[in-house]
Amino acid sequence: MDFHSIHTKWQAHWNERKAFEPKAGTAPAHAAASDKFYLTAAFPYPNSPQHIGHSRTYTTTDIYARYMRMKGKNVLFPMAFHVTGTPILAMAKRIEAGDKELFEIFDKIYGIKPEITKTLTDPRALVLFFSKEIEAGMHEMGYSIDWRRKFYTFDAVFNKFIQWQFRKLHEAGLIVKGSHPVPWCPADKQPVGGHDTRGDVDPQMEEVTAVLFEAGEGFIPTITYRPETLPGVTNLWVNPDAKYVLAEMKEKDGQKSRPLYLTLEAFESLSHQLSLTKIREVPASELLGLKALHPLNHQPVPILPASFVEPGTGTGLVMSVPAHAPYDWLALRDLNKLGEIKPIQVLDTPGFGACPAGELCEKLGVKNQDDAKAEEATKQLYKLEAHEGKMKNAPYAGMNGIAAKDKIKEDLVRSHLALAIHILANAPVFCRCGAGCVVKQVENQWFINYGDETWKAKTREALGQMRILPEGLRQDYEYTIGWLQKKACTRASGLGTKFPFDEKQMIEALSDSTLYMAFYTIAHIVKKMEKERGDAAISDDFYDFVFLGKEPAGEKRMKKTAEWDEARREFLYWYPLDSRHSAHDLVHNHLTFFVFNHTAVFAQPQTEAGEPRPSSTFWPRQTVSNGFVTMEGKKMSKSMGNILPLRKAIGEYGTDVIRFVVTSSAELEADSDFNQAAAEGVISRLNLLESYLEREMAGKPPSSRSRISRWFYSRFHARLREAGAQYETFQLRPLAKALLYDTINDLQWYARRESGGGLQLREFFEFWTLAVAPFMPHVAEEFWQRMGEGRKYAKPSPLAFSAPFPSADSAQIDPRLEMGEQYVQAILEDVRHILQLIKKDKPQSLTFIVHAGWKKKVRRLVAEKKNIRAVMDEAKKDPELAVLQPQVAQLAGKLIKNIGSITGETLEAQEELDVLQDSKEFLASEFGGANIEVLVEGKAPAELAAKAANALPGKPSIVIA
RNA sequence: GCAGGGGUAGCAAAGCCUGGUCAAAUGCGCAGGGCUUAGGACCCUGUGGCCUAGCGCCUUCAUGGGUUCGAAUCCCAUCCCCUGCACCA
């Protein structure tokens with residue numbers, strides 16, 4: 001089958017009919033007008049072309065959209081582009097800077113030549129280029145998208161919508177201002193995310209404690225992960241080769257200030273989160289001469305040199321707890337001071353004595369503080385003491401390391417004996433510009449307050465009414481709602497919408513994508529208004545009216561136009577959103593924010609034409625999250641170079657094949673795998689089906705139905721019966737397996753078994769074509785057309801995409817037929833097994849002896865009574881069994897041993913006979929023309945009597961000669 | 001650390017909720033055979049071990065223990081792996 005020609009052909013047919021541009025309030029003939037279905041997928045971010053991984057969410061959504069359409073729903077599936085934030089700017093900048101790596105990725109992976117790449121230095125040009133590319137790919141994938149509603153998040157009318165949304169949040173008291181720490185590039189004066197760093201490292205912030213020791217002219221802040229060990233401090237460490245400074249630190253709360261000793265590096269990086277002014281430089285030797293006072297008991301502790309102290313980490317000064325920190329103990333040993341300075345035990349841990357650090361170092365044979373094993377010892381001991389260590393002294397006595405740590409930290413910070421500071425846990429991290437990243441305390445930061453308890457409660461309520469697929473993710477949502485606090489919603493730069501309460505700030509990308517599903521419903525109308533009258537035609541009044549049903553009021557109110565009512569109708573028709581789709585990584589942020597924002601904006605009930613609509617009418621109904629796509633079993637990554645661009649894949653394999661493989665090679669929540677073998681497997685199966693279809697259309701199928709054809713249809717309709725529920729719950733993998741793989745296996749079995757005349761596949765193809773149409777819409781149209789007019793089984797429809805989804809013909813489902821076929825298959829296997837054992841290739845004859853009917857009765861009794869005596873009691877009452885008591889007892893004894901294996905139903909003896917009689921010809925052909933005989937136990941010749949006695953229900957005795 | 005998910009035959013992956021028909025679907029791979037000028041595609045058979053008559057036996061579903069007439073499935077413990085923990089799309 002030539003996929004490329006069928007794609008373009010059928011896509012043209014759909015476009016011609018404007019098949020995916022639904023009208024609000026109207027619907028296809030076979031549906032009620034109110035029977036709408038509105039679904040959206042997370043819109044793409046056009047800073048590079050899309051690859052095959054991106055297609056999974058969209059294809060899943062499209063399959064659902066197409067299925068719902070066939071179920072008679074009026075379906076809306078819109079699409080837009082998300083261009084908010086910094087990545088697009090960063091990309092344009094990298095191109096402008098001639099970033100070699102980037103040019104190469106574009107060239108090698110995506111086939112974008114450097115001449116083209118270099119024209120993309122303007123962010124808008126970049127967005128336009130990639131969004132066109134992505135949109136083209138989506139067309140080629142056959143997605144049933146209503147493109148009239150397309151927009152970009154930097155469009156003026158959308159900006160107005162977002163500002164309107166933020167004013168709603170503000171009115172509800174959910175926008176707050178404050179400060180917070182962020183990873184920061186001091187050169188760019190910008191927060192840095194993972195994609196802003198060299199090697200795409202995610203900067204990881206971590207809170208640590210800097211304990212303040214009074215010394216010299218001020219304080220020595222020592223950084224520690226383990227403040228609970230503070231009572232065990234015996235000395236402080238200074239790196240003798242580092243440069244130190246004395247700096248004035250202004251306290252956050254009051255006017256008070258304190259001088260601190262720090263390394264120069266620490267001074268520079270910490271001045272982004274503390275208010276620091278340098279007083280003078282201090283040589284390490286000066287510090288080494290000082291005595292520090294322990295903050296808890298004011299006893300002096302010496303300051304000693306140690307090489308393990310990193311000048312760039314924290315403050316460049318650390319406290320020494322030789323009893324519990326292997327590095328400290330080792331450094332003391334290196335200085336030969338262990339005699340003079342005695343470790344002080346703070347935590348008691350089973351298996352250790354008074355100096356766990358020393359004991360562990362000796363056990364592991366750590367040589368000195370520069371030995372790599374010191375790190376291992378530290379990790380081991382920390383883990384152990386955190387859980388099993390018990391604090392020895394009041395007021396923390398008895399607490400384990402973890403509990404004590406948090407408590408002491410809190411106590412110390414509160415009493416100004418320590419500072420809580422943030423560091424980058426995975427330092428050093430470098431910005432793309434080359435500067436080392438630091439932590440910055442950003443002032444005047446705006447937040448959306450997801451920590452608001454009333455809001456959380458409402459969001460939980462909304463979640464409770466939603467369907468979550470896969471259902472297991474519900475607890476992830478609940479957990480996320482629980483821990484979400486204030487979320488920074490602005491940045492100093494980026495594309496998108498200006499923050500309405502501080503126009504120098506831009507709304508960041510996760511905050512302007514929470515309500516746009518509502519915007520889609522009216523996007524085409526708003527765009528028309530903008531085109532005719534400019535964006536001034538759009539205002540808060542307009543959005544208030546459309547989304548909240550509020551009539552414009554006050555001095556500066558806008559005049560309503562006919563479009564307002566049209567937009568309002570459109571919104572009311574499509575909302576609520578019936579299904580929201582994304583990959584599962586967005587559950588923890590986007591999808592949860594999305595629910596939150598709906599409950600905040602749609603907080604009040606509305607009334608429309610006298611009809612009350614509670615606020616929950618507008619809340620989302622369902623989310624569907626899918627896993628990612630791997631490539632030949634491996635994660636796709638730029639560095640591995642194994643990214644398969646979508647359009648390249650389409651060229652190689654064809655749309656429907658990709659649609660099928662990407663969505664059906666794994667359960668919804670698992671990562672699916674795209675691999676060549678699977679894709680080719682699908683292609684060859686489609687070709688096989690095509691050849692069957694051709695034969696069917698060319699030949700004259702027999703008029704009466706054979707046993708095996710009835711078997712085939714029984715199986716097929718049983719599968720078809722499940723298909724609807726599987727589409728609705730996204731069990732695409734089992735569905736795909738049933739519809740393609742299992743069905744083809746059945747088809748082949750049917751063909752092999754039908755040793756007589758031809759096959760009857762007309763009914764099969766009509767139903768099958770429609771059943772797979774959501775997955776493979778182009779193949780479906782092609783098959784549908786090739787079947788021509790005069791369809792005999794499915795309801796008529798000019799094109800497959802708009803046909804009603806077929807329902808199974810339950811009357812054709814017959815479990816006894818399927819049991820009969822299983823019986824034949826089991827016999828085939830048994831005969832083969834025996835032939836193999838006796839090393840015989842071609843039997844002369846095969847004799848099958850079906851059990852005498854009474855055995856079936858015994859089997860049933862055994863399954864029911866599960867006890868020989870009870871079986872025998874029953875048997876005595878049965879005239880047929882009463883005369884056979886010894887045989888019954890023997891059989892019952894045999895059966896009871898394997899009680900578990902006889903729970904299933906088996907054929908009646910007569911049915912076994914019928915099946916065997918009917919299959920004689922087939923069995924003969926399977927075994928090289930052997931003579932086939934079918935007998936009944938009791939009527940078999942005397943010389944076979946012993947064999948015949950072995951016959952059981954479902955297991956005839958087999959005699960091979 | 002906290003939260004969630006997972007470990008099944010050469011590989012991938014179903015089964016586990018609702019214990020027995022599970023030596024365990026299916027796909028790939030591999031082996032043999034058919035078809036074919038050849039290759040591919042397609043079809044058939046096999047793919048833990050034993051067995052010259054199957055419907056049987058033995059050992060298997062991370063490891064160890066338990067519940068049960070019966071465990072891949074239920075319970076407990078242990079080991080290992082993956083993902084997320086934000087202000088970023």
Side-chain angles (χ1 to χ4, degrees), chain A residues 42 44-45 47 82-88 180-183 191-196 202-205 382-383 386-387 402 405-406 442 445 447-448 450 472-473 475-476 479-480 482-491 508-511 513 584-590 592-593 627-628 630 633 665-667 669-671 673 675 677-678 680-681 683-685 687-688 691 733-734 737-738 741-742 745 748 751-752 822 826-840 866 894 896-906 926 947 950-952 954-960:
Chain A
Y45 195 85
N47 67 343
H82 197 203
V83 299
T84 306
T86 51
I88 285 171
H180 81 133
V182 291
V192 280
H195 47 256
D196 304 317
D202 237 347
Q204 311 221 334
M205 273 197 316
Y382 185 15
K383 195 171 174 185
H387 295 279
I402 294 189
K405 171 185 159 175
D406 292 340
V442 183
Q445 173 68 57
F447 299 90
I448 298 175
Y450 291 116
L473 284 178
Q475 52 182 341
D476 282 37
Y479 180 77
T480 308
W483 72 247
L484 272 179
Q485 290 303 324
K486 286 183 285 190
K487 147 100 184 128
C489 61
T490 62
R491 278 187 82 157
E508 64 79 42
L510 283 173
S511 300
S513 55
H584 56 28
D585 57 329
L586 296 186
V587 170
H588 300 276
N589 43 55
H590 164 73
T592 305
F593 297 158
F628 299 122
T630 56
S665 64
E667 310 278 313
E669 62 269 41
D671 288 355
D673 186 50
N675 59 76
E680 280 168 2
I683 293 173
S684 67
R685 281 174 177 83
N687 284 330
L688 183 68
S691 69
R733 185 186 142 92
K737 178 174 175 285
Y741 297 93
D742 295 344
N745 284 347
Q748 268 156 355
R752 177 174 161 197
Q822 260 174 25
I827 285 171
L828 277 182
E829 265 175 48
D830 285 347
V831 173
R832 277 204 194 97
H833 193 179
I834 299 167
L835 288 172
Q836 216 178 339
L837 283 178
I838 62 175
K839 301 205 167 68
K840 194 171 198 145
K866 300 186 171 64
K894 196 170 168 187
I896 210 141
K897 270 193 234 158
N898 252 321
I899 185 84
S901 67
I902 58 166
T903 50
E905 186 56 27
T906 61
E926 285 293 306
K947 281 266 175 209
N950 287 335
L952 287 172
K955 282 278 179 192
S957 170
I958 300 169
V959 183
I960 299 178

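Each chain gets a letter, A, B and so on, in the order its sequence line appears, and its residues count up from 1. Basis for what follows: all heavy atoms, side chains included, without hydrogens, waters or symmetry-related copies.
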Quantified in whole Å, what is the [atom1] atom distance between nucleotide [N] and nucleotide [M]?
| N | M | atom1 | value |
| --- | --- | --- | --- |
| A25(B) | U68(B) | P | 31 Å |
| U36(B) | G27(B) | P | 26 Å |
| G64(B) | C79(B) | P | 15 Å |
| G66(B) | U73(B) | P | 14 Å |
| U59(B) | C11(B) | P | 23 Å |
| C51(B) | C44(B) | C1' | 25 Å |
| C16(B) | A71(B) | C1' | 10 Å |
| A12(B) | U18(B) | P | 29 Å |

Candidate nucleotides [options], ranked by approach to the side chain of [X] - the nearest:
| X | options | answer |
| --- | --- | --- |
| Gln748(A) | G54(B), U45(B), C43(B) | C43(B) |
| Leu837(A) | C42(B), A86(B), C51(B) | C51(B) |
| Asp742(A) | A13(B), G54(B), U26(B) | U26(B) |
| His588(A) | G84(B), C51(B), A14(B) | G84(B) |
| Gln475(A) | G4(B), C55(B), A14(B) | G4(B) |
| Tyr479(A) | A53(B), A3(B), C55(B) | A3(B) |
| Ser957(A) | U45(B), G54(B), C43(B) | G54(B) |
| Ala509(A) | A89(B), C42(B), G27(B) | A89(B) |
| Ala488(A) | A53(B), C87(B), A89(B) | C87(B) |

Looking for any heavy atom pair under 4.0 Å, which part of the strands does [X] touch: base, sugar-phosphate only, or nothing?
| X | value |
| --- | --- |
| Gln836(A) | nothing |
| Gly85(A) | sugar-phosphate |
| Glu680(A) | nothing |
| Val587(A) | nothing |
| Asn745(A) | sugar-phosphate |
| Leu484(A) | base |
| Glu669(A) | nothing |
| Pro734(A) | nothing |
| His833(A) | base |
| Arg832(A) | sugar-phosphate |

With nearest nucleotide decided by heavy atoms, which residue, Pro181(A) or Glu667(A), maps closer to the 5′ end of RNA chain B? Glu667(A)

Taking for Val192(A) and for Leu952(A) the nucleotide of RNA chain B with the nearest heavy atom, the one nearer the 5' end belongs to Leu952(A)

Given atom [atom1] of [X] and atom [atom2] of [N], what is their separation to the nearest angstrom?
| X | N | atom1 | atom2 | answer |
| --- | --- | --- | --- | --- |
| Arg685(A) | U26(B) | CZ | C1' | 10 Å |
| Asp406(A) | C2(B) | CG | P | 11 Å |
| Trp483(A) | C2(B) | CH2 | P | 17 Å |
| Glu829(A) | A53(B) | CD | C1' | 16 Å |
| Asp673(A) | C11(B) | CG | P | 16 Å |
| Tyr382(A) | G1(B) | OH | P | 10 Å |
| Asp671(A) | G4(B) | CG | P | 20 Å |
| Asn675(A) | C11(B) | CG | P | 16 Å |

About how many Å separate [atom2] of [Y] and [atom1] of [X], when rounded to the nearest 0.5 Å?
| X | Y | atom1 | atom2 | answer |
| --- | --- | --- | --- | --- |
| Ile960(A) | Ile958(A) | CD1 | CD1 | 6.5 Å |
| Asn589(A) | Leu510(A) | CG | CG | 5.0 Å |
| Arg832(A) | Leu837(A) | CZ | CG | 14.0 Å |

Complementary nucleotide of [N], counting Watson-Crick and G-U pairs under 3.5 Å:
| N | value |
| --- | --- |
| G56(B) | C50(B) |
| A25(B) | none |
| C87(B) | none |
| C69(B) | G20(B) |
| U36(B) | none |
| G4(B) | C82(B) |
| A31(B) | U45(B) |

Phosphate-side-chain proximity, [X] and [N], N/O vs OP1/OP2 below 4.0 Å:
| X | N | answer |
| --- | --- | --- |
| Thr86(A) | A89(B) | yes |
| Ser684(A) | C42(B) | yes |
| Arg752(A) | U45(B) | yes |
| Asn589(A) | G84(B) | no |

Under the criterion side chain to side chain contact (heavy atoms under 4.5 Å, CB included), I'd like the reasoning laid out for Thr490(A) against Phe447(A): C-alpha separation, chi angles, the key distance, then a yes or no. CA-CA 7 Å; Thr490(A) 62; Phe447(A) 299 90; over 6 Å; no

Mutual orientation of the aromatic rings belonging to Phe593(A) and Tyr450(A) [parallel < 30°, tilted 30-60°, perpendicular > 60°]: parallel

Tell me if the aromatic rings of Tyr479(A) and His588(A) count as close, with their centers under 6.0 Å from one another. no

Can you name the closest pair of heavy atoms from Ile448(A) and Ser511(A) and give their distance? CD1-OG, 3.8 Å

What I want to find out is whether Glu508(A) reaches Lys487(A) closely enough, with some N-O distance under 4.0 Å, to be called a salt bridge.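 Looking at Lys487(A) together with Glu508(A), the answer is yes, because their closest N to O distance falls below 4.0 Å.
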
Is any side-chain heavy atom of Pro734(A) closer than 4.5 Å to one of Glu667(A)? yes

Within the distance-only criterion (no hydrogens, no angle test), does the side chain of Arg491(A) pair as donor or acceptor with the backbone N or O of Ala509(A) below 3.5 angstrom? no

